[in-house]
Engineer: 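Before anything else, here's the structure in question.
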Number of protein chains: 2
Amino acid sequence: MPRSDASRTWSIAEIAEEFGVTHRTVRHYEDLGLISPERRGTTRVYHRRDRTRLGLVLRGRRLGFPLEEIRTIIDLYDAPRGRRSQLEYVLDQIDERRADLEQRRRDIEAALSELDGFEGRCREDLRRLT
Amino acid sequence: MPRSDASRTWSIAEIAEEFGVTHRTVRHYEDLGLISPERRGTTRVYHRRDRTRLGLVLRGRRLGFPLEEIRTIIDLYDAPRGRRSQLEYVLDQIDERRADLEQRRRDIEAALSELDGFEGRCREDLRRLT
DNA sequence: CACGTTCTTGACGTTAACGTCAACGTAAAG
DNA sequence: CTTTACGTTGACGTTAACGTCAAGAACGTG
């Protein structure tokens, strides 16, 4: 049986360490409903599912999304989509998200190409100094 | 002489309106040294240069950068790069910025493709409901 | 079973990015 | 010349995202 089995669990310290955050951050995310670890007695026990969600949260954070928004997004992934109205709502949300992400991508491309141009000018300056 | 001449100036209300922010936000950015409009008497007068910088600031904001970091970046663009040491410092900063932006781009690509996959599953669900 | 480690739940502190008054100046318009 | 619109400087309020104690429970180890 492999160590990283589907049934393997982690403590809050292990999770925090592995994802490079503090246990306080992990608990804060739980307060906001972003993750909901199992409890054994009073102690939190993290499963693979929690790791997946935490990964999504941190990616959202790197992208600068507010945690509340992140919650609505990843909840979307888990939402029941039985009824047609639900599905149409979800598809609308997807479109909004995509529009946002694509705007960000454009911003990044623009920033990167400005950076490239600027680096070119700097290297030119450096060359002339030699 | 065209209206949008290089010498045209704007009031704080015009600037705020045009960029879709409040005058309070504009003043806040001035407090942090992100823009520094001319003063006629006590009144702020904005030039094209200020608009350019404000545009950069807002793009940085959309990308989720903290304002302090944004300041160091756009100040970099205006920094004197006469000495070799200065130029090398600037080139280092450029590399850091680029690494950051590329990480963000990867995050966005990942998020977008997950979104695509999810949309596919939703449309499939919808089709089966018909 | 005493001890150090790891966990728990509050509760208050902090920083960033503004919002929201208050109180006042000034300049054109009726 | 008063009103109205737009500008100014404080200064305090607010929200998000945690940091930072404090004070205690639980658990493996010598």
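Worth knowing before you read on, the calculation uses all heavy atoms, side chains too, and leaves out hydrogens, waters and symmetry mates.
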Engineer: Side chain of A13(B), heavy atoms from C-beta onward: which of dG7(D), dG10(C), dA17(D) has the nearest atom to it?
Structural biologist: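 Closest nucleotide to the A13(B) side chain: dG7(D).
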Engineer: Reckon S11(B) has a side-chain N or O less than 4.0 Å from the OP1 or OP2 of dC6(D)?
Structural biologist: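 For dC6(D), neither OP1 nor OP2 has a side-chain N or O of S11(B) closer than 4.0 Å.
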Engineer: Identify whether any heavy atom of R61(A) sits under 4.0 Å from a base atom; if not, whether one sits that close to sugar-phosphate; answer base, sugar-phosphate or nothing.
Structural biologist: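 Since only primed, P, OP1 and OP2 atoms lie under 4.0 Å of R61(A), the category is sugar-phosphate.
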Engineer: With a 4.0 Å limit, can you tell me whether T25(A) has a side-chain N or O closer than that to the phosphate oxygens OP1/OP2 of dG19(D)?
Structural biologist: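 Affirmative; the distance criterion is met.
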Engineer: Quick one: side-chain contact (heavy atoms from CB on, under 4.5 Å) partners of R97(B), sequence neighbours excluded?
Structural biologist: L115(A), F65(B), E69(B), I73(B), D100(B)
Engineer: Looking at R24(B) and dT20(C), is any side-chain donor or acceptor paired with a base atom of the opposite kind under 3.5 Å?
Structural biologist: yes
Engineer: What is the distance, rounded to the nearest whole Å, between atom CG of L34(B) and atom C1' of dA16(C)?
Structural biologist: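 Those two atoms, CG and C1', are 13 Å apart.
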Engineer: Atom CD of E68(A) and atom P of dC18(D): how far apart are they, to the nearest Å?
Structural biologist: 13 Å
Engineer: Regarding R39(A), tell me which of base, sugar-phosphate or nothing describes its non-hydrogen contacts under 4.0 Å with the strands shown.
Structural biologist: sugar-phosphate
Engineer: Separation of D31(A) atom CG from dT8(C) atom C1', in whole Å?
Structural biologist: 12 Å
Engineer: For E30(A) and dT8(C), give me the distance from atom CD to atom C1', rounded to whole Å.
Structural biologist: 11 Å
Engineer: What is the distance, to the nearest angstrom, from the CG atom on L32(A) to the P atom on dT15(D)?
Structural biologist: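 One finds 15 Å between P of dT15(D) and CG of L32(A), rounded.
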Engineer: Roughly how many Å is it from NE2 in H28(B) to P in dG13(D), rounded to a whole number?
Structural biologist: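 Whole-Å distance recorded here is 18 Å.
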Engineer: From CZ of F65(A) over to P of dC18(D), roughly how many Å is that when rounded to an integer?
Structural biologist: 15 Å
Engineer: Given 3.5 Å as the limit, does a donor-acceptor pair link the side chain of R81(A) with the main chain of V90(A), or not?
Structural biologist: no
Engineer: Which of the following nucleotides, dC18(D), dC7(C), dA17(D), is nearest to the side chain of I12(A)?
Structural biologist: dC7(C)
Engineer: Heavy atoms from C-beta onward define the side chain here; which of dA17(D), dT8(D), dT9(C) lies closest to that of T42(B)?
Structural biologist: dT8(D)
Engineer: Is the phosphate of dC18(D) approached by T22(A) (side-chain N or O, under 4.0 Å from OP1 or OP2)?
Structural biologist: no
Engineer: For the residue pair V57(A) and I70(A), what are the closest heavy atoms and their distance?
Structural biologist: O-CD1, 3.6 Å
Engineer: Tell me, do T9(B) and R40(B) make a side-chain contact under 4.5 Å, heavy atoms counted?
Structural biologist: yes
Engineer: Taking only side-chain N and O atoms of Y29(A), does any of them lie within less than 4.0 angstrom of OP1 or OP2 on dA17(D)?
Structural biologist: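 So the side chain of Y29(A) is outside the cut-off, no N or O lying under 4.0 Å from OP1 or OP2 of dA17(D).
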Engineer: Roughly how many Å is it from CD1 in I15(A) to C1' in dT8(C), rounded to a whole number?
Structural biologist: 17 Å
Engineer: Is any side-chain nitrogen or oxygen of R44(B) closer than 4.0 Å to OP1 or OP2 of dT9(D)?
Structural biologist: yes
Engineer: Pairs in or reaching into residues 66-92 of chain B: which pass ring pair (Phe, Tyr, Trp, His ring centres under 6.0 Å), with residues at least two apart or in two chains?
Structural biologist: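 Listed by first then second residue: F118(A)-Y77(B).
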